[in-house]
Each structure stands twice: as structure tokens, then as C-alpha cells.
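Take this structure first; my questions come after.
One is the number of the first residue; the rest follow in order along the sequence.
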Amino acid sequence: MSSTRCSSPAAAAVAGGVSVRLQPLWVGLGAITVAFHLGLIFYGLAPALVSRPIHMALALPWILIHAARSRYEQWSGWGLTLLGLAACAYIVLNEEALSNQYGFIDTAFQMLVGGFLIVLALETARRAIGWPLPLVALAALLYGLFGDLIPGQFGHPGLPLPSFVGTLTIAEGGLWGKLTGVSVGVVAIFVIFGAVLNAGEAGRGFMNMASAVAGRLTGGAAKVSVISSALMGSISGSASANVASTGAVTIPSMVRLGYPRALAGGVEAVASSGGQIMPPLMGAGAFVMVELTGTPYTQIMAAATLPAILYFATVWMGIDAFATRHDLRPMAASEQPSGKEVLITSLFFAVPFVLLLERIFLGGVTPQYAASVAIFAGMLLLCFDVRLRFSLRGFAMRMGEAMVIAGRQVAVIGAIIICASLVIGVLSMTGLGVKITSAILSLSGEMLWPALLFTALACLVLGMEVPTTAAYVICVSVAGPALTALGLEPLLAHLFVFWFALLSTITPPVCGGVFIAAGMVGENWLKVAIKAMALGIGLYIIPLAMIANPDIIRLAYDPVAAIIDMLKVGAGLAAISFGVIARRAAWLRVALVIAGTLVIFLL
């Protein structure tokens with residue numbers, strides 16, 4: 001299996017980081033994308049049937065033309081883009097009239113536009129990330145059209161075609177639903193924030209800070225990867241992009257120091273995967289969770305903090321355990337940055353981050369407004385290089401790069417979310433989600449732990465080829481109600497599903513982060529996956545530990561109980577990690593795993 005199996009052209013482009021095409025067309029289109037989304041924040045939200053179709057229209061050229069792999073794709077991309085722009089414009093220009101139709105199509109032309117938009121959403125997602133998610137959406141659409149032919153409880157009474165297509169395309173029940181609204185109004189803003197930071201010296205600042213903190217320790221190069229990937233992954237929201245960016249520095253450093261290649265790739269894959277669970281940004285998932293649970297962003301961030309710390313602490317302890325088997329030397333003094341360089345480069349991410357958090361927690365503004373303010377601070381910092389030299393030419397180059405990265409990443413995430421919105425729309429119209437919830441309750445005997453295991457398996461299978469956010473949204477839509485019906489508080493159920501949606505980044509047979517890391521390090525992907533699963537054992541255990549120790553997510557309400565639970569779970573994870581990895585007598589390793597399990601789940 002190829003190490004690049006999971007990487008579509010658009011996904012690979014997102015992962016590519018600084019290697020961008022800075023033609024004026026794409027810089028200009030990126031600037032329009034940035035201006036549009038920032039404008040919505042400062043000048044008020046437009047109607048859903050205006051802002052959301054424009055969001056899709058802005059994404060089309062990036063996916064269908066910019067990421068085209070062949071001459072055929074490029075020419076067909078131009079055709080689809082022009083027709084897509086016309087279809088989106090029809091929705092925008094007729095917003096008021098369409099709103100009064102309440103999702104019922106009444107002309108053949110509207111049916112043609114609606115059908116084309118559905119096909120376009122599927123094709124855009126296919127070109128962005130491959131077949132799996134569009135196939136899931138297509139299966140949902142076929143169920144909506146022909147589910148009345150299915151006997152028994154999983155059938156439905158039937159949906160008139162004008163109502164079915166209309167609800168998905170001219171109302172707020174499908175393509176333009178709440179999930180797309182989150183992409184427009186929140187996710188895009190934080191993607192732009194990350195793009196601005198990545199175009200400047202923030203990435204070097206992350207690496208330098210990590211090197212200063214951990215470079216001199218045993219396994220220092222690996223621990224630098226853990227810290228830098230945690231910081232970068234939070235803003236990139238993509239394990240693949242994180243592996244490609246930080247891994248380009250950390251993997252060669254580990255190889256030079258004599259680390260086994262499989263271990264070097266495994267460390268980077270695990271550390272990069274965890275960026276999506278690391279506050280304050282957590283990629284796109286946190287903002288989708290805000291919409292689905294109704295929980296304020298600050299509470300989600302507080303709830304996710306201690307489990308995320310435990311995850312990276314477990315990786316850190318796993319590196320120490322591997323040090324009992326390999327000579328994991330610290331970084332050479334010549335490779336470590338000076339204190340002055342650390343201080344200067346850290347400013348490039350510290351200033352925007354501090355401003356972001358200050359506006360959220362002290363200013364009392366919304367996260368997206370705070371991020372918008374931080375974006376402008378980051379743009380000002382693009383005027384300076386790593387030596388704090390002011391340069392308008394350098395600013396223009398870095399700003400152009402930021403616009404291209406932002407436009408491209410907003411497009412890829414938008415394509416994913418718009419396609420997933422079709423699935424959510426069909427689930428809502430047909431009641432299939434309720435039926436699957438009932439099936440989970442029935443199969444589990446209405447017992448929580450069997451239901452959790454069914455849900456975890458579903459997340460793993462769906463997440464194998466579907467991006468984390470989409471896998472989370474689909475899984476939580478069908479399994480979330482079952483878990484809450486069995487007594488879990490909604491936020492805990494959502495965090496559980498979100499964590500397990502990440503499993504596929506390091507778990508065979510399809511593990512995107514591992515494939516990319518294996519390709520970069522030049523090692524067999526299965527060897528890298530084995531090391532990654534051992535280091536990332538917290539990804540499998542911590543979601544279950546949150547269920548057994550629910551106070552761990554209540555940092556905002558009961559910090560003492562939360563920290564006590566964190567210390568207990570951390571002790572158990574340390575024992576399990578050393579038992580799985582460290583070179584010790586077999587009986588001692590088994591005893592450590594058993595003791596750690598008992599501490600987490602029974603004490």
C-alpha cells in the first residue's frame with residue numbers, strides 16, 4: 001500500500017504548506033475569500049441563502065481548477081466551476097423568493113439547478129478528498145429516494161422528489177444547513193488565522209520554543225516533535241498538513257541522531273494527530289461541536305484541555321519508554337536555537353495567540369470575532385522577518401502566500417462540510433438517525449459500555465477514509481442520541497465520538513498520518529503504524545477514561561476534582577505505556593498494564 005494513499009491532490013496541496021502557486025489569479029481569489037469571511041464577522045451575517053452559496057462558489061475554483069491533476073480535470077473543472085457559480089448565483093439572487101417556498105421546488109428549472117448542485121457537491125468533495133465521503137453521501141441520497149421500498153423499521157414512508165431536492169438545495173436543510181453555516185462563520189475564520197500564522201515566522205517560533213523546552217532532554221528530538229506538532233496541529237486542523245509541515249524538520253533531525261526510522265515516523269504521526277484535540281483551536285471540530293451541542297466555545301475548550309494534556313503526556317512518557325530500548329539522544333547543542341532567537345520567533349505566534357485569548361476571556365467577544373482581530377495582528381507581523389527587519393517586499397510575498405493557503409484550505413474544508421451536510425439533511429428528513437439510535441440501544445441491551453464499543457467501532461470504520469470532522473459529524477448524528485439516552489451528558493458523548501474519529505489517523509489498515517510520515521522517513525508504513533499505535537495508546541484509552549472519570553472534563557466547574565481525575569488517569573496511562581513499550585521482564589510489563597487499567601477504570 002502506498003504511503004500516499006490517503007492524499008488527494010487538494011489534500012496534498014493543503015499539506016504542502018509553503019509550496020504554493022502565487023499567480024495573481026490565485027492570490028486575488030484568496031484575498032476575496034479572506035475579505036468575504038472577515039466581512040461577515042465585522043459587518044453582520046448575511047442571510048443563510050446568501051452567505052452559504054457564496055461560500056461554496058468561492059471554494060469551487062480551488063478544488064476543480066487549482067487542484068486539477070490532468071488536462072481533462074482542468075477543462076472539466078472550468079466548466080463545472082462556471083456552471084456552479086451560475087447555480088450559486090441563482091440561489092443568492094432569488095434568496096427571498098426561495099425562502100418563501102419552504103423547501104418545495106415548483107419549476108423544472110429549479111429542479112435542474114437543485115439536482116446539479118447536489119451532483120456538484122459530491123464531485124467537489126470527491127476531487128478534494130477522494131471517493132469515501134461522496135459515497136457515504138450518495139448512499140444517504142439513494143436511501144432518501146428509495147427508502148420507501150425497504151421493508152421493516154429501516155424503511156420510510158417516502159419523500160416527494162420536489163420536497164426532497166428542494167429541502168437539500170433551496171432551503172436550510174441540506175447544502176445550506178447549520179453545519180455549512182459553521183464553516184462559513186467560524187471554521188473559515190480560524191483557517192484564515194492559521195494560514196496567516198503559517199505564512200509568517202510562527203512555524204519557526206513553534207519549533208524554536210519546542211527545541212528550547214525539550215531539545216536537551218533524553219529523546220529530545222522526538223519531544224520537540226511532540227510540542228511543535230501540538231502547537232501547529234491546533235491551528236492547522238489537519239493531521240496530514242501537520243505531518244508534512246513539522247515533519248519536514250523533526251523527522252530528519254531524529255534520523256540524524258540515530259533514531260530508528262519507524263520510531264521517527266511514528267512520533268511525528270502521533271504528535272500531529274493529537275493537534276486536533278489540543279485547545280485553544282482544535283482544528284474545525286470544536287466549532288462544529290459548539291453548533292451541535294449548544295455549548296459555548298470556552299466551555300468546550302476547558303473540557304478538552306486536560307484530556308489533551310494527558311494525550312501528549314502519554315506520548316512523552318512513551319518516548320521515555322522507548323529510550324530504554326534505543327539510544328534516543330538529545331539534540332546537539334549546535335542544532336538548538338539561541339535564547340534571543342527563541343524569544344524573537346516566539347513573538348510571531350505569541351502576540352496573535354495572546355490577543356485571541358484576551359479578547360475571548362477578557363473582552364467577552366465571540367471566538368470568531370477574537371480570531372478576526374488576531375488575524376489583523378498576524379498580518380502586521382508579516383511585515384517583519386525572523387530578525388525583525390521591516391520589508392514591504394517581504395510583506396507582499398508573505399501576504400500573497402497567506403491568501404493562497406487560506407483560500408485553498410477554506411475550500412477543502414468547505415467541500416467536506418457541504419458534502420457531509422447532505423448526509424445530515426437526509427438523516428433529518430427520513431428519521432434514519434433515530435432508527436440507528438434505536439438499533440444501537442437494542443444491540444447493546446441498553447447498556448452503556450457495549451454501546452460505547454459499537455460507537456467506537458463505527459467511528460474507526462467511518463474515519464478510515466472520511467476526514468475527522470466529517471466522521472465525527474456523521475457518527476455523532478446517529479450514535480450521539482443513543483449515548484445521551486444511556487445517561488451520558490451531551491458534551492461528554494460528543495468528545496468521546498470526536499476522539500475516536502481520530503483513530504484512523506494512526507490505526508491500520510487506512511492511516512493517513514502514518515502513510516505520509518512513512519513516505520517522508522522512507523520506512524515501511526506498517527512498521528511506522530506499530531510504533532505510532534504504541535506511542536498513541538492514549539488515543540484508544542483516554543476517551544473511555546473520560547467516561548469512567550467524567551469529572552476530568554469539568555475543569556471550568558470543579559477544577560479540584562478534574563485535576564484529581566487527571567492525575568489518576570495519568571498514573572494509569574504511564575503504567576500502561578511503560579508496560580507496552582519499555583524493555584522489561586514480561587511479567588512486569590503485564591503487571592504494569594493490569595495495574596494501570598485498574599487505576600483508570602476501577603479506582
Side-chain angles (χ1 to χ4, degrees), residues 17-18 197-198 200-236 242-275 278 308-350 353 385-388 513 517 520-521 528 531-532 534-536 538 574 577-578 581-582:
V18 297
L197 291 186
N198 284 328
E201 303 294 344
R204 184 180 297 190
F206 288 145
M207 294 297 302
N208 286 343
M209 172 179 277
S211 299
V213 171
R216 295 178 174 84
L217 304 175
T218 299
K223 290 172 179 175
V224 167
S225 173
V226 172
I227 296 174
S228 60
S229 295
L231 295 170
M232 285 290 290
S234 180
I235 63 171
S236 74
N242 202 7
V243 172
S245 56
T246 60
V249 177
T250 61
I251 289 177
S253 176
M254 286 185 272
V255 172
R256 279 198 308 272
L257 289 170
Y259 290 37
R261 289 181 176 271
L263 179 59
V267 167
E268 183 57 47
V270 169
S272 294
S273 297
M278 187 67 190
I309 290 173
L310 279 176
Y311 174 81
F312 285 103
T314 305
V315 179
W316 190 286
M317 291 182 286
I319 293 169
D320 285 332
F322 269 117
T324 67
R325 304 172 61 177
H326 308 287
D327 179 21
L328 303 186
R329 288 171 285 168
M331 293 177 65
S334 60
E335 294 188 11
Q336 295 174 13
S338 65
K340 180 181 179 181
E341 184 179 352
V342 172
L343 177 62
I344 292 174
T345 55
S346 295
L347 292 175
F348 287 94
F349 70 83
F353 262 99
D385 64 13
V386 71
R387 296 182 181 178
L388 293 183
M520 295 178 71
V521 79
V528 175
K531 291 291 193 293
L535 281 168
S577 182
F578 270 83
I581 297 172

Item to check | Criterion side-chain contact (heavy atoms from CB on, under 4.5 Å) on Lys531 and Val267, from CA distance to verdict | outcome: CA-CA 8 Å; Lys531 291 291 193 293; Val267 167; over 6 Å; no
Item to check | All ring-ring contact (aromatic ring centres under 6.0 Å, His included) counterparts of Phe349, not counting sequence neighbours | outcome: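 With neighbours one apart ignored, the set is Phe206.
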Checklist entry - Can you name the side chain to side chain contact (heavy atoms under 4.5 Å, CB included) partners of Ala264, sequence neighbours left out? => result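 Here the qualifying residues are Met254, Val255, Val521.
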Next on the checklist: Evaluate Asp385 against Phe348 for side-chain contact (heavy atoms from CB on, under 4.5 Å), listing each step before the verdict.
Outcome noted: CA-CA 10 Å; Asp385 64 13; Phe348 287 94; over 6 Å; no
Checklist entry - Pick from Ser229, Ser211, Ser225, Ser272: which one makes a side chain to side chain contact (heavy atoms under 4.5 Å, CB included) with Thr250? => result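 Checked Ser229, Ser211, Ser225, Ser272 against Thr250; only one passes side chain to side chain contact (heavy atoms under 4.5 Å, CB included): Ser225.
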Checklist entry - Of all heavy-atom pairs between Gly536 and Val270, which one has the smallest distance, and what is that distance? => result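 Closest approach of Gly536 to Val270, heavy atoms only: CA-CG1, 3.8 Å.
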Next on the checklist: To the nearest 0.5 Å, what is the distance between CG on Leu535 and OH on Tyr311?
Outcome noted: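 The CG atom of Leu535 sits 8.5 Å away from the OH atom of Tyr311.
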Next on the checklist: Taking salt bridge (Lys or Arg N to Asp or Glu O under 4.0 Å) as the cut-off, I'd like each qualifying pair that reaches into residues 249-274, sequence neighbours left out, listed once.
Outcome noted: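 For residues 249-274: Arg256-Glu335.
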Item to check | Minimum heavy-atom distance Val342-Pro337, with the two atoms named | outcome: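 For Val342 versus Pro337, the nearest heavy atoms are CG2-CG, 3.6 Å.
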Checklist entry - Atom CD1 of Ile227 and atom CE of Met209: how far apart are they, to the nearest 0.5 Å? => result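 Here the interatomic distance stands at 9.0 Å.
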Next on the checklist: Restricting to non-hydrogen atoms, name the atom on Pro330 and the atom on Gly215 that form the minimum distance, rounded to 0.1 Å.
Outcome noted: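 Minimum heavy-atom contact is CB-O, 3.4 Å.
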Item to check | Set of residues satisfying side chain to side chain donor-acceptor pair (under 3.5 Å) with respect to Arg216, sequence neighbours excluded | outcome: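 Gln336.
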Item to check | pair Leu263-Leu328: side-chain heavy atoms closer than 4.5 Å | outcome: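 The answer is yes; the side chains approach within 4.5 Å.
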Checklist entry - If you look at every heavy atom in Ala210 and Ser228, which pair is closest and at what distance? => result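 Shortest heavy-atom separation between Ala210 and Ser228 comes out as CB-N, 3.8 Å.
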Checklist entry - For Gly513 and Val243, which heavy atoms make the closest approach, and how far apart are they? => result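 Of all heavy-atom pairs spanning Gly513 and Val243, the closest is O-CG2, 4.0 Å.
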Using atom types as modelled, flag every donor-acceptor pair under 3.5 Å from a side chain in residues 312-324 to any protein atom, sequence neighbours excluded.
| unit_1 | atom_1 | unit_2 | atom_2 | d |
| --- | --- | --- | --- | --- |
| Thr314 | OG1 | Leu310 | O | 2.7 |
| Asp320 | OD1 | Lys223 | NZ | 2.7 |
| Thr324 | OG1 | Ala321 | O | 2.5 |
| Thr324 | OG1 | Arg583 | N | 3.2 |

Item to check | Nearest heavy-atom neighbours spanning Gly247 and Pro252 | outcome: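 Heavy atoms of Gly247 and Pro252 come nearest at O-CD, 3.3 Å.
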Checklist entry - How many angstroms lie between atom CG of Leu257 and atom NE2 of His326, to the nearest 0.5 angstrom? => result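 Atom-to-atom, Leu257:CG and His326:NE2 are 14.5 Å apart.
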Next on the checklist: Distance check, rounded to the nearest 0.5 Å: Glu341 atom CD versus Ser346 atom OG?
Outcome noted: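 That separation rounds to 9.5 Å.
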Item to check | side chain to side chain contact (heavy atoms under 4.5 Å, CB included) against Leu343, all qualifying residues, sequence neighbours excluded | outcome: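 Applying side chain to side chain contact (heavy atoms under 4.5 Å, CB included) to Leu343 gives none.
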Item to check | side chain to side chain donor-acceptor pair (under 3.5 Å) involving Thr345 - partner list, sequence neighbours excluded | outcome: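 Once residues adjacent in sequence are excluded, the partners of Thr345 under the side chain to side chain donor-acceptor pair (under 3.5 Å) criterion are Asn208.
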Checklist entry - Which pairs pass salt bridge (Lys or Arg N to Asp or Glu O under 4.0 Å) with one or both residues in residues 200-209, sequence neighbours excluded? => result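 Every pair satisfying salt bridge (Lys or Arg N to Asp or Glu O under 4.0 Å) with a residue in residues 200-209: Glu201-Arg204.
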